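Working notes, beginning with the structure itself.
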Amino acid sequence: MPESRKGPDAATQPQGGAQGGLRDSSLKIIIVDESPIRAAILEDGLREAGFVQVQRIDETRNLLARIYALDPDVILIDLENPSRDVLEQMFQMSRIVKRPIAMFVDHSDAASIQASVDAGVSAYIVGNLQKDRIKTILDLCISRFNAFSRLQCELDEAKGALAERKIIDRAKGILMKAKGLTEEQAYALMRKTAMNENKKIAEIAQSVITAAELFK
Amino acid sequence: MKANLRIGYIPLIDATPILVAVDHGFAEAEGLDVEIVREVSWSNVRDKLNLGLFDAAHMLAPLPMASSLGIGHVKVPLIVPFTLALNGNAITVSPALYAELSHVVDGDLTDPRVSSRALHRVVADRKARGVPLVNFGMTFPFSNHNYQLRFWMSAGGVDPDEDVQMVVLPPPYMVDSLTSGHVDCFCVGAPWNSVAVDNGVGHILHFGRDIVRRMSEKVLAVRDNWAGDNPDTLSALIRALAKAAAYAEDPAHLGAVCESIGRRIGATPEIISRTLKGVLKVTADGQTRSSDEYILLERRGANRPDKAHAAWMYADMVRWRQAPLTDDLRLVAENTFRPDLYDHALGHPPSLDVIDPLDRVGAFYGPDFVASGIAGHLEAWHLRHNGRPRLHVVR
């Protein structure tokens, strides 16, 4: 945006100085997240949205010192992180802190706080950043965090399905050997038992394995 | 009556009344179905209570007041109808700092007057030699861990904001930070002091009760409007907690309670038993110290919210520039504590019991505490910070 007009706070934002896009893209954003995958997903999202100065902190030892050294405009932290309490201290430190820090909460915006807590992320803003300017970032965080949770769920389900598959295969083998059944017959037997007892096939298969181990 | 409750807690021994109420059937006996949710930070507990994701929560005693006053965060009026524990903190120092203190001490280090003077010498000596400041770990800006460390060191002439570094550390990180030398000393609740001693990386210098003899440490907090909407549920919860606290402190149940609490908070039953009995190993080589008021879960009227404690913590907030001093704000702080709701739930007449200590607080220095005389106390404590408060009060 070469033809950008000078904004009112151009002096404090030398690289940007424009309304909107360019100025916001120069915001320095720090992500504090112990999950490297989720942090990467979030970082990608922010970069795609045009924020170029994004950094990740995955080691929370000496967190305050690290944050001061990086001097960010926005700090994003996951709610599973015990170090959130460390950030709360920044609201009141007088000596080291260069600029005031506030959590992105506002009486006027309960819905967005609720959404961010539900998603499991919290944002802190540094300096006199306008709250509406962080809204884009927070919305992006919320959607990426939610996307990550969905992925995690799907992954857990896939892992669970794979584990069930293995249990059923093992139980089939045991039944085939013990009762001289074919694979289809062994499976049909377990399915019938599961239906009769109102259980999942995997549960019946697990009982078969447990029983076989007891009889060993 | 609303019967399903979600209660947030941090895995610490002073969550015991909540955990025992659930695990030993006291909540169920009152017709409550309580889901307890383990949290990792006080900020999370506060936000989820404020937003209504929790009905009630285990909280640092000053935190509901900070929320009601609107300092440091969004203003959400919270109330305290039940005190979960009095005391229970300890100040633990690294072996290196202990050696430095022993080197310059002029008396018995177990006396906080003596140890705070020794600390002042160590701090001055480090400054003179250009050695890094002493670092102190505590759990939250609005916590008695913060206030007790400050009260102790300032008695010896150390300015906590200028002469040393105070850092917030989540309790599970305390021991690691002491081991790595990130901090030289910390103040935290049980079981973390004992864990540091058992790991050979810490020496318990003082029990919290050596600094302030009787102080609300953790409380049950609920939203003021929630309490108004659910009076019967709240009364039932208070009764369940009172019975659970009494049960937990009865020596006959010690074994069972230590087992169930140990599972909930991830500590050995042995460490929990030491804490509840108030017999703590204070050095790696096995020296012990004991106090029957190291932690009080129910004994000596522990559960009845004490407005004198609220005023004391408000005085701490003022002293350390978290809040301005006005009578209005003091009353907001005091009225966060609701002994009337406690009495109502248990069918007690308002308590007229004489409390020991007589000023209900028992600080190790300064005149007896008088809630209406905070200005005088600030003078007596030689307040050096008399500048404007750093935090805004949302009105």
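Here is the naming used below: chain letters follow the sequence lines, and residue numbers restart at 1 for every chain. The structure displayed is predicted, hence computed values, not measured ones.
- Note: A:Leu87 CG to B:Ser43 OG = 8.0 Å, rounded to the nearest 0.5 Å.
- Under the side-chain contact (heavy atoms from CB on, under 4.5 Å) criterion, A:Asn62 pairs with A:Ala65, A:Arg66, B:His182, sequence neighbours left out.
- Interface remark: B:Leu53 contributes side-chain atoms only to the contact with chain A (heavy atom separation under 4.5 Å).
- Counting heavy-atom neighbours within 6.0 Å of B:Arg126 CZ, excluding the residue itself, gives a total above 12.
- Atom CZ of A:Arg165 has 12 or fewer heavy atoms from other residues, nucleotides or ligands within 6.0 Å.
- For CD1 of A:Ile37, the number of neighbouring non-hydrogen atoms (other residues, nucleotides, ligands) closer than 6.0 Å is 12 at most.
- Across every non-hydrogen atom of B:Asn44 and A:Leu79, the tightest pair is ND2-O, 2.5 Å.
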Kindly determine whether A:Arg84 and B:Val168 satisfy side chain to side chain contact (heavy atoms under 4.5 Å, CB included), including the steps that lead there.
-> CA-CA 10 Å; A:Arg84 235 198 109 193; B:Val168 167; over 6 Å; no
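- A distance-only check finds no donor-acceptor pair linking the side chain of A:Asp85 to the backbone of B:Ser41 [under 3.5 Å].
- Looking at B:Thr139, the atoms closer than 4.5 Å to chain A (heavy atoms on both sides) all sit in the backbone: N, CA, C or O.
- By the 4.5 Å heavy-atom criterion applied to side chains, B:Tyr173 and A:Val86 are not counted as neighbours.
- A salt bridge links A:Glu88 to B:Arg46: one of the charged nitrogens lies within less than 4.0 Å of a carboxylate oxygen.
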